[in-house]
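Residue numbers start from 1 in every chain, and the chains themselves are labelled A, B, ... in the order their sequence lines are given, proteins ahead of strands.
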Protein chains: 2
Amino acid sequence: MEAARTQTHQVKVGDVAIGGGAPVAVQSMTNAAMVPSDHGPVLDLAGNLKQIELLADAGCEIARVAIPNRASLATFADICAASPLPVVADIHFDHLIAIGAARAGASKLRINPGNIGTLAEVDEVIEVAGECGIPIRIGVNAGSLDSKWRDKSDWTLAERLCASVTEYVEHFNQRSFHDIVISAKAHDVLATIETYRLLSKELPTTPLHLGVTEAGTIRQGTVKSSVGLGVLLCEGIGDTFRVSLTAPPEEEIAVAWEILAACGLRRRSPELVSCPTCGRCQVDMISLAQEVERRLQKLKSPIKVAVMGCVVNGPGEAADADIGVACGRGAGIIFAGGKQIRKVPVDQIVDALFEEIAALEAKR
Amino acid sequence: MEAARTQTHQVKVGDVAIGGGAPVAVQSMTNAAMVPSDHGPVLDLAGNLKQIELLADAGCEIARVAIPNRASLATFADICAASPLPVVADIHFDHLIAIGAARAGASKLRINPGNIGTLAEVDEVIEVAGECGIPIRIGVNAGSLDSKWRDKSDWTLAERLCASVTEYVEHFNQRSFHDIVISAKAHDVLATIETYRLLSKELPTTPLHLGVTEAGTIRQGTVKSSVGLGVLLCEGIGDTFRVSLTAPPEEEIAVAWEILAACGLRRRSPELVSCPTCGRCQVDMISLAQEVERRLQKLKSPIKVAVMGCVVNGPGEAADADIGVACGRGAGIIFAGGKQIRKVPVDQIVDALFEEIAALEAKR
């Protein structure tokens, strides 16, 4: 832990708490293609539910679904009823969809008050969310900032995003609506960091939903999200987040959990310490580490496993892990609880490691 | 830029400057398997040179080669002579290999003074490096920390690593050797961050080589490196770094450049802003973004390209990029320099984007 977690007002999304000292919650969004109906294209019930189940299996805690039109509200209600995760409704341009989504069983609404309708229409959404007892995320993006703020060319992007969000939060609070989460995303990592630092200072009690938006495909998106969210989470900023990748949604969850683990906040699965291999290495480390990683993915316990290729750091790291192997020529020395326990030929290393892992899990 | 770059003493690794305000240098390490010889297994000349060429193509600026035995020194000399990149010799356990490597043409030595031999032997290495005019990286790892420090159980790992490095640096300085780079790596991200913050405070003028060691396979290693190095680089800490992945070395370079770009420090290739897709999206965004990414990889200019799936943030992001497309039903609107320039059917989007990119590059 780098810094004390900011203490924010806690809101509940279904049974998942956000803010107020709750664990940083992991979320993602479905992207199933729409299906034809008598009223034009609508949300795909089966496609969304299948994705939400994949997300839940991967460790997602909150699922978001975009509702593109009023004709999709009936399907959205069915999704909420069958979903194993609380469902957030993501709505743009039509306050009646937001109102319909709240009544259809959404556990949270995500709107940009600047594009959902008039202020009076925003107030109708606030009122219905209050009746339904669900929170609202006020979400602003650099790509759709209200022209009032977008054109303040002497302000930084962070200042413009923060001003826009702050104005909306004040509007909601004046209407006695306080179950708010806020987000203000940019695709630029440094702008994102600056924006959330500013938000956490200006609105210290409002839970923050972090994200580097439109971060790109897997490699670029993973790096941008890890740097941006990593810097913020290590400073104690952020109560929930979504990793945004142009990739299947469950990939976002895998990266999200790696970020939480790297920041020392939460760990869902085993940690693999594996060396990058070099000229000293006398076994096929890449295959060995991949095979160990593949088999570790089936485990849910937060144990630490080290797979090391040589005698330089191998014995030290293997002994530091719960279970480890330090490889040498044609053989590996298996360590458990800091002690060397046996030496096995290369082709038996993976099995030997998992025997010891099973023994450790049985003991725990 | 988050913070002023720490001003360090500049050292030269071949023609690449490290520290003293030079751009943060990107490095990696070969891992070609050894080949048999009359003297037992030795470095593979062709294998190492091929990897170094792949690394150079990917944007690597310094290549490191582990020299496992004295019999490999002749091959190491040949690698140095033919390499397109300056070569760092990585040596453990035998100071005579370090001395041989310096004389064989290494552009830098990387040693852990604690395992290379006696202090008198370390002094011999220092003397020969001085004669050859090459710097030395003093590299300490949590997995091979000297027992003198390892056993100080009331100290944090960062304090132990920093104490070990500081003692070595003082020893080198007493011998009037100042062309030093230091590293102190741990596989734990928070320990790594704490260690380098401490080093930059304790040794403010010594260039720092950053790394999260043994970070694991591609996903975990990318996230751990991005969080750890991202936090440090955003604070202005770090003069060169290696991303450590259990994967082919050129993957490390691709991630390294993404980290530098995310931190706003250096950019080598185009930036792709692409949305994560959602239920609003009416085109196959993942395929589209992947195809654009694939074709962008051939370009070296730092242009920004946006590929967006819908009208929420699409027009804003597309207009903000150098070249962009905001997709709608069956068509995409192409933007250049902030202006809509044409509308094309979905199957012509990629070609239209690259026509505009080519036109922009020709103009520049």
Side-chain angles (χ1 to χ4, degrees), chain A residues 2 29-32 34 43 65-68 90 92 141-145 187 189-190 193 213-214 216-217 219-220 222-224 226-228 230-231 234 244-247 252 254-255 258-259 262-264 272-281 285-286 289-290 293 308 312-313 316-317 320, chain B residues 2 29-32 34 43 65-68 90 92 141-145 187 189-190 193 213-214 216-217 219-220 222-224 226-228 230-231 234 244-247 252 254-255 258-259 262-264 272-281 285-286 289-290 293 308 312-313 316-317 320:
Chain A
E2 294 285 298
M29 189 169 185
T30 65
N31 64 1
M34 288 194 279
L43 282 176
V65 175
I67 312 180
D90 190 289
H92 289 269
N141 275 49
S144 54
L145 193 56
H187 67 255
V189 174
L190 297 186
I193 293 170
T213 196
E214 299 125 15
T217 50
R219 182 161 57 213
Q220 181 187 291
T222 299
V223 171
K224 288 178 76 169
S226 301
V227 172
V231 166
C234 282
S244 165
L245 299 178
T246 308
E252 299 184 345
V255 172
E258 293 292 355
I259 292 173
C263 295
L272 175 60
V273 175
S274 66
C275 80
T277 86
C278 69
R280 285 187 293 270
C281 188
M285 268 297 295
I286 295 181
Q290 282 172 344
E293 184 182 49
M308 301 290 297
V312 173
N313 297 309
E317 292 288 0
D320 178 58
Chain B
E2 294 285 297
M29 190 167 183
T30 65
N31 65 0
M34 287 194 280
L43 282 177
V65 175
I67 311 180
D90 191 287
H92 289 270
N141 275 50
S144 53
L145 194 57
H187 67 256
V189 173
L190 297 186
I193 293 170
T213 196
E214 298 126 17
T217 51
R219 183 161 55 213
Q220 180 185 293
T222 298
V223 172
K224 289 178 75 169
S226 299
V227 172
V231 167
C234 283
S244 166
L245 300 177
T246 309
E252 300 184 344
V255 172
E258 293 292 356
I259 292 173
C263 295
L272 175 61
V273 175
S274 64
C275 81
T277 87
C278 71
R280 284 187 294 270
C281 188
M285 266 299 294
I286 296 181
Q290 283 172 345
E293 183 182 47
M308 301 291 296
V312 172
N313 297 309
E317 292 289 359
D320 178 59

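For the pair T222(B)/S226(A), no side-chain contact is recorded, criterion being any heavy-atom separation below 4.5 Å from C-beta on.
Interface remark: of the candidates D90(A), I67(A), T213(A), V223(A), V223(A) forms the most heavy-atom pairs closer than 4.5 Å to chain B. Chain A forms the most heavy-atom pairs under 4.5 Å with one residue out of I259(B), N141(B), T217(B), and that residue is T217(B). For the set G143(B), G316(B), A142(B), the count of heavy-atom pairs under 4.5 angstrom toward chain A peaks at G143(B).
At least one donor-acceptor pair closer than 3.5 Å links the side chain of Q220(A) to the backbone N or O of L272(B).
Contact detail for L190(B) and C263(A): the closest heavy-atom pair is CD1-O, 3.5 Å. Counting all heavy atoms, side chain and backbone alike, C234(B) lies closest to V227(A) at SG-CG1, 4.4 Å.
E317(A) is linked by a side chain to side chain donor-acceptor pair (under 3.5 Å) to H187(B), counting only residues two or more places apart in sequence or in another chain. Here Q290(A) pairs with nothing under the side chain to side chain donor-acceptor pair (under 3.5 Å) rule; sequence neighbours left out.
For a residue to count as touching a neighbouring chain, one of its non-hydrogen atoms must lie under 4.5 Å from one of that chain's; by this rule V65(B) does not touch chain A.
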Mind running side-chain hydrogen bond (donor to acceptor under 3.5 Å, both in side chains) on T246(B) and S274(A) for me, showing each step along the way?
CA-CA 7 Å; T246(B) 309; S274(A) 66; 2.7 Å; yes
